[in-house]
Amino acid sequence: MVDALAIGYAIKDRRAQLGLTQAQLADAAGVSKRCLWSLELGQNPGVQFDKLTAVLEALGLELALVAGDAPNVRAQEG
């Protein structure tokens with residue numbers, strides 16, 4: 001499972017690869033610099049989905065859902 005910190009590292013690494021400052025990325029994504037700063041530190045796990053996707057889109061990244069085992073869900077036998 002990916003957590004907020006792992007997403008934050010991915011955002012920060014990609015921003016660095018592209019040579020963008022936090023202010024430049026925040027402006028491109030239409031979010032506040034504080035929001036971006038919190039995302040990069042993994043301190044904003046309750047961030048609005050549209051803000052997260054705007055940042056990812058500005059970086060050329062996408063969020064993917066992959067089916068896997070649910071940790072607390074068990075199939076009931078019949």
Run the side-chain contact (heavy atoms from CB on, under 4.5 Å) test against Ala54 and tell me which residues pass, sequence neighbours left out. Ala29
Give every residue pair that meets the side chain to side chain donor-acceptor pair (under 3.5 Å) criterion with at least one member in residues 52-68, sequence neighbours excluded. none
Do the side chains of Leu39 and Leu18 join up, straight or via other hydrophobic residues, at under 4.5 Å, putting them in one cluster? yes
Hydrophobic clustering (ILVMFWY, side-chain heavy atoms < 4.5 Å, transitive) - are Leu61 and Leu20 grouped together? yes
Sub-4.5 Å side-chain heavy-atom contact between Ile7 and Asp3: no
Quick one: list whatever passes side-chain contact (heavy atoms from CB on, under 4.5 Å) with Gln22, sequence neighbours left out. Arg15, Lys33, Leu36, Trp37, Glu40
Nearest 0.5 angstrom please: Ser32 OG to Lys51 NZ, how far? 6.0 Å
Taking C-beta and beyond as the side chain, do Leu41 and Leu5 meet within less than 4.5 Å on heavy atoms? no
Same cluster or not: Leu25 versus Leu63, using hydrophobic residues (I, L, V, M, F, W, Y) connected whenever any side-chain heavy atoms lie under 4.5 Å apart? yes
